[in-house]
Structure formats: structure tokens, C-alpha cells
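Here the structure is laid out as C-alpha cells; the discussion comes afterwards.
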Amino acid sequence: MLQKLTIRQKKLAEYLLIVAGTAVMAVSLQFFLDPDGMVPGGFTGIAIIVKELTKEIVPDGVPLWVTNLVLNVPMVPIVLKINGWDFAKRTVAGSLLLSFWLAVIPYVQLMEEPDLFLTSVFGGVSMGIGVGLVFLGKGTTGGTDMCGAILHHFFPHISLPKLMQLLDVVITSVGIMVFGIRVALYSIIVVYLTAKISDRIMEGSTSAKMLYIISDQSTLIADKIMEKLGRGVTGLQGRGMYTNQDKTILICVISPREIARIKDVVLEADSKAFVIVNDSREVLGEGFVEIQ
């Protein structure tokens with residue numbers, strides 16, 4: 001969708017995605033995670049812990065938006081120096097928008113009797129949708145993203161995802177001491193679902209199947225695939241190490257619903273063909289998502 005827009009329109013669309021994503025994240029926190037003490041990791045997880053620990057000092061505890069803002073602000077100059085202005089401005093936008101939505105969206109206790117399983121599922125899915133939209137807009141909401149980027153600058157031998165996971169583990173572990181092991185275990189479900197759903201949104205809906213076809217009838221099979229399915233086929237030269245004979249290995253990318261048809265086409269041409277089917281998480285190009 002974003003690929004057909006002008007550069008200015010694309011940037012506007014990306015920032016709108018960040019706005020929408022941070023709003024969904026705030027709903028997840030205010031409706032599901034915070035009411036039941038779920039700690040999703042990141043600065044929002046720290047904010048939930050701080051709110052619980054300060055309830056005896058401040059009525060209802062320190063609001064999530066305050067803690068999120070206070071934690072993110074000191075990180076910005078460091079990230080600006082390390083990662084540059086483009087990354088920093090989107091991070092500032094994401095963290096400010098999340099704090100804004102947390103301030104304006106009310107805290108709501110949806111269920112009179114807490115159901116931690118339902119909370120973890122709906123909280124994790126909604127949080128994943130929000131995070132995925134923010135990432136789709138090439139933004140972040142600060143938190144462990146910024147901390148991970150800073151640590152990665154000083155420890156480049158450790159990958160950024162591992163550093164972020166380590167930080168989330170530390171935050172979730174603190175949550176165990178505050179809310180107990182039972183809630184913390186459900187929080188792991190939240191973290192898992194958030195990662196899975198956000199990844200799925202980032203990958204888009206263009207998942208496909210990629211086939212490797214090894215056959216003595218490669219030319220015939222390729223012709224039938226192009227004729228009956230209208231899909232392109234690429235041939236690579238290979239050698240069978242057992243027979244020591246040269247073979248043409250066909251590569252073809254199709255939609256999942258075409259898998260049965262292409263199997264019939266291949267087996268009709270060569271019942272002894274060797275077919276390998278792999279999942280393709282995203283496909284860009286003619287017949288799928290066009291690139292401009």
C-alpha cells in the first residue's frame with residue numbers, strides 16, 4: 001500500500017501508522033495489562049511496576065504516561081548521537097504519542113473478576129497489533145528499543161534482538177517480585193503473543209509457498225506450470241552427487257491455495273519428481289506485491 005505513494009505521502013502514512021499503533025498499545029495497557037498487573041517488558045512494563053509500588057505514596061500510583069515519559073527523555077540525546085536524527089525523531093514521536101494516549105485513554109477494569117488467561121491473550125494480541133503498526137511506520141516507542149541500541153553500541157558482538165530480550169527478561173523478573181509468579185507466567189504469554197502478532201503484521205499478508213522441483217522432465221514441468229498456473233519458474237543448474245548427472249532445479253513461488261494444483265501438474269509430468277515445499281514469509285514482485 002505504502003509503495004504506491006509519493007515520498008511525502010509515504011512519510012505521512014508512516015507517521016499515521018505510528019499514531020494508530022501507539023493508540024492501540026495504550027488501549028491494551030489501560031484495558032488489559034495494567035488492571036491485572038501484567039508486565040509486558042519494556043518501559044511500559046517498568047511503568048506498571050512503578051505504579052504498583054507507589055500506590056501507598058501517590059493515590060492510584062504514578063500514572064503510566066509519566067513513568068514512560070521520564071524514562072524515555074534522558075535516552076533521546078544518547079540515541080541521537082549513536083543512531084542519527086532519523087531514528088531519533090521517530091523514536092521521540094513514538095514515545096511522546098504513547099505517553100499522550102496513556103494520558104487521555106482512561107484506565108478501565110473490563111472484568112469484575114480477573115481472568116488472567118483472557119487478559120494475557122487479548123492484551124498480547126492487541127499489544128502486538130499496536131507494536132506491529134508502529135514498526136510498520138518505521139518507528140519505535142523508545143523503551144528497550146533505545147536501551148538495546150545504546151547497549152549494542154558498546155557491545156557490538158551481542159546482537160540487538162538478544163540485548164532487547166535480555167532487558168525484557170530482567171523487567172519481567174522484577175515483575176515476579178511485585179505481582180507474584182502466577183501473574184508473571186501469564187505475562188510471558190503476553191510477550192510471546194506480542195512478538196508473534198507484531199512480526200505477522202510486519203510481514204504482511206503476502207505469505208507464499210516456495211517450491212524446489214528436481215526432475216528429468218524440468219522443461220516440461222516448467223512449461224505446464226507457466227501454462228496452467230500462470231506462475232513464473234526459474235531454473236538453476238545443479239548436479240546430483242549420487243548419479244553425478246547435471247540437472248535443472250526449478251524454483252517457483254505460489255500462493256498457498258495453489259499448492260494442490262502445482263503438485264498435480266508436477267506429478268502428471270513426472271511421477272518420480274522430487275519436490276521440496278518451503279514457507280515464504282513475504283514475497284515482493286510481480287504476481288504478489290509490486291515494488292515501485
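Reckoned from all heavy atoms, side chains included, excluding hydrogens, waters and symmetry mates. Positions are given from 1 along the sequence.
Among residues two or more places apart in sequence or in another chain, the side chain to side chain contact (heavy atoms under 4.5 Å, CB included) test is passed with Leu118 by Met111, Asp115, Phe122. Qualifying salt bridge (charged side-chain N to carboxylate O under 4.0 Å, His left out) partners for Lys55, counting only residues two or more places apart in sequence or in other chains: Glu52. Scanning for side chain to side chain contact (heavy atoms under 4.5 Å, CB included) contacts around Ala47 gives Leu64, Thr67, with sequence neighbours left out. Contacts of Asp60 classified as salt bridge (charged side-chain N to carboxylate O under 4.0 Å, His left out), with partners at least two apart in sequence or in another chain: none. For Arg261, the side chain to side chain contact (heavy atoms under 4.5 Å, CB included) criterion is met by Leu229, not counting sequence neighbours. Gln237 meets the side-chain hydrogen bond (donor to acceptor under 3.5 Å, both in side chains) test with Thr248; sequence neighbours excluded.
With a 4.5 Å cut-off on side-chain heavy atoms, Asp36 and Leu116 count as touching. Proximity of Trp101 to Val27: side-chain heavy atoms (C-beta onward) are nowhere separated by under 4.5 Å.
Remark: side-chain polar atoms of Arg90 are paired, donor with acceptor, to backbone N or O of Gly137 under 3.5 angstrom. Between the side chain of Ser28 and the backbone N or O of Gly123 there is at least one donor-acceptor pair closer than 3.5 Å. Here the side chain of Ser99 pairs no donor or acceptor atom with the backbone of Leu96 at under 3.5 angstrom. No donor-acceptor pair closer than 3.5 Å links the side chain of Arg239 to the backbone N or O of Asp246.
Under a 4.5 Å side-chain heavy-atom criterion applied to ILVMFWY residues, the cluster that includes Leu220 comprises that residue alone. Other members of the hydrophobic cluster containing Leu16, listed by chain and number, are Leu12; membership follows side-chain contacts under 4.5 Å among ILVMFWY residues, whether direct or relayed.
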Residues 69-77, side-chain donor-acceptor partners within the protein, below 3.5 Å, at least two apart:
unit_1: Asn72; atom_1: OD1; unit_2: Gly143; atom_2: N; d: 2.9
unit_1: Asn72; atom_1: ND2; unit_2: Asn68; atom_2: O; d: 2.8
unit_1: Asn72; atom_1: ND2; unit_2: Asn68; atom_2: OD1; d: 3.2

Got a list of side-chain donor-acceptor pairs under 3.5 Å for residues 266-278, not counting sequence neighbours?
unit_1: Asp270; atom_1: OD1; unit_2: Lys272; atom_2: N; d: 3.0
unit_1: Asp270; atom_1: OD2; unit_2: Ser215; atom_2: OG; d: 2.5

Under 3.5 Å donor-acceptor pairs involving side-chain atoms of residues 173-186, not counting sequence neighbours:
unit_1: Ser173; atom_1: OG; unit_2: Val169; atom_2: O; d: 2.7

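Pairs of residues two or more places apart, or lying in two chains, that qualify as salt bridge (Lys or Arg N to Asp or Glu O under 4.0 Å) and include a residue from residues 212-221 are Asp216-Lys247.
With respect to the salt-bridge test (charged N to carboxylate O, under 4.0 angstrom), the residues Lys209 and Glu258 do not qualify.
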